[in-house]
2 protein chains.
Amino acid sequence: MLGPDTDVKDGANAGRSGQGGLVGVRAQKAAETADALKQAAREQFLQRGYLNTKITDITAAAGRATGSFYDHFAGKEELLQALLADMHDAARQDVVEQHPADHDLTDPEQLRAHLAAAWQVMRDNLPVMVALFESAMMRPGSGHAWERLTTDTAMLREHLERLRLDGRSLPGTPELVGAAMGGMLSMLAYALLPGRSSENSANYSDDEVIDTLTALLLNGLSGGR
Amino acid sequence: MLGPDTDVKDGANAGRSGQGGLVGVRAQKAAETADALKQAAREQFLQRGYLNTKITDITAAAGRATGSFYDHFAGKEELLQALLADMHDAARQDVVEQHPADHDLTDPEQLRAHLAAAWQVMRDNLPVMVALFESAMMRPGSGHAWERLTTDTAMLREHLERLRLDGRSLPGTPELVGAAMGGMLSMLAYALLPGRSSENSANYSDDEVIDTLTALLLNGLSGGR
DNA sequence: GTCTATACCGGGATAGAC
DNA sequence: GTCTATCCCGGTATAGAC
């Protein structure tokens, strides 16, 4: 459970070594190392944070030598991009297939479903989320933070624009409202999700958080009255 | 406009140098240097971010030598604490005097006033806010982020608790709702405030932001209907 | 492909002259 | 009190052996 599996998986391919199939045994081992590094990076990012994680932390956790890192990635930044790409690949189909017909964020069930989905995505990809969060927070005034906020809430914004087209009046521009909602969501996620429940003083279940956000965003503090 | 004023202000006191009054001329010069360093730090934190700012950036901006820094502060962290203390001192009376009688966040005017006040405080103390934000974001899972979120929204939480005592039903626990609101606010502030308007793609006036947040928090997406 | 060993550098922190 | 000069460490990145 500690390190990623280091056992060689190319047994089927390695019956005759040296000769090598078209794929290449070495290439497979290389891919394994790259994967091990990525997996170790995820663990480390979550535990120490992205900025605090040193290259040596990653290689050590992966059980590889320091120098090996640079055989696969140019640096920490590039590794993060790779993780991001993996995440997108994995998320692509999910999003597409379960994002069907109507969108009305005014409907309690739909709003809740959207919030829950977003929350789940963040939970499932915490290491990457944390890393992106930190790297975006790094340059105030550069617009990076705002950029992330708007791109991450693109889907949300579309729904809000649809609402507006349907003649509903929004609290503000779809962009700003979406950013506000997204900021709220990601800030809470960053504050609550990464903590091991024992140590963290806050003890809210996912359901409780999502229920609260749904109620707040749906009817505000006045509770619809 | 570049560096802080280096002209000596103790002219009234320095008529006879060497002898020295009870205050001490050197002590005054020292205080000036400390102030210059703090002021320079604020500028640098805002421009480069807290984590990116090197000691040498601060001393250079203050027009002092590197070594001088350590005659006044043990390190960057301690400097930040000093800035924080200054901010609290300055903010103390303002908060106390203009925070009178009734609190009903359900009242549009009062909610707006509270949001506007919070926004203004953040704007007025951007460098410190940015620094605290970054340093809190640094250790995921440590609870630091959650801690900041809850302490920063202590006042908000109290108001919410009062609401609840008055029999109003809230979207969730005061703590969680307050954290959500605070997260939304600080995230937006971090994303919007530090940008020089020209470069940043987002161009929202303070009023527009506050109006939007007021409407969103008051009645939610459904707009009270 | 992966290792060990090491060069290299940014930046924090200190010593001692002025 | 402040400066200059320097030490020193953590951490990145590379070279070359295996």
Side-chain angles (χ1 to χ4, degrees), chain A residues 3-10 13-14 17-21 23-38 40-41 44-45 48-80 135 138, chain B residues 3-10 13-14 17-21 23-38 40-41 44-45 48-80 135 138:
Chain A
D5 39 0
T6 49
D7 26 321
V8 191
K9 195 180 50 186
D10 51 2
N13 208 338
S17 70
Q19 274 289 34
V23 260
V25 192
R26 300 170 71 89
Q28 278 208 12
K29 292 201 68 171
E32 275 174 38
T33 293
D35 279 353
L37 287 172
K38 288 198 281 190
Q44 296 297 310
F45 288 172
R48 322 167 102 91
Y50 173 69
L51 298 169
N52 279 336
T53 298
K54 313 303 169 196
I55 305 289
T56 51
D57 293 330
I58 298 173
T59 51
R64 312 299 163 114
T66 309
S68 295
F69 182 90
Y70 298 95
D71 292 329
H72 301 274
F73 308 99
K76 202 164 57 162
E77 167 62 22
E78 194 186 284
L79 196 169
L80 178 55
S135 71
M138 189 51 50
Chain B
D5 39 358
T6 52
D7 26 321
V8 191
K9 196 180 49 185
D10 50 3
N13 209 336
S17 69
Q19 274 289 34
V23 262
V25 192
R26 299 171 72 91
Q28 277 207 14
K29 292 201 69 172
E32 274 174 39
T33 295
D35 279 353
L37 288 172
K38 288 198 280 191
Q44 296 298 309
F45 288 171
R48 326 168 99 93
Y50 174 69
L51 298 169
N52 278 337
T53 298
K54 314 304 170 196
I55 306 288
T56 52
D57 293 330
I58 298 174
T59 52
R64 312 300 162 113
T66 311
S68 295
F69 182 90
Y70 297 95
D71 292 329
H72 300 273
F73 308 100
K76 202 165 54 164
E77 167 61 23
E78 195 186 284
L79 197 169
L80 177 55
S135 71
M138 188 52 47

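Chain letters run A, B, ... following the sequence lines, proteins first and then strands; every chain starts at 1.
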For A:Leu80 and A:Ser135 the tightest heavy-atom approach is CD2-OG, 4.4 Å

Between B:Ile58 and B:Ala40, what is the shortest heavy-atom contact and its length? O-CB, 3.6 Å

Categorize A:Ala30 for me: base, sugar-phosphate, or nothing, with a 4.0 angstrom heavy-atom threshold over every strand shown. sugar-phosphate

Between CZ of B:Arg48 and NZ of B:Lys54, what distance do you get to the nearest 0.5 Å? 9.0 Å

Side-chain heavy atoms of A:Phe45 within contact of A:Lys76, under 4.5 Å: yes

In whole angstroms, the gap separating C1' of D:dT12 from CZ of A:Phe73 amounts to 16 Å

Using atom CZ of B:Arg64 as one end and atom C1' of D:dT4 as the other, report the distance to the nearest whole Å. 16 Å

Any side-chain N or O of B:Ser68 under 4.0 Å from OP1/OP2 of D:dC3? yes

Return no unless some side-chain N or O of B:His72 is found under 4.0 Å from OP1 or OP2 of D:dT2. yes

Which parts of nucleotides 9-15 of chain C does protein reach within less than 4.0 Å, heavy atoms only, written one letter per nucleotide 5' to 3' as B for base, S for sugar-phosphate only and - for none? --SSBB-

Table please: side-chain donor-acceptor pairs of residues 67-75 of chain B below 3.5 Å, with sequence neighbours left out.
none

Residue set satisfying side chain to side chain donor-acceptor pair (under 3.5 Å) with B:Lys38, at least two apart, ordered chain then number -> B:Asp86

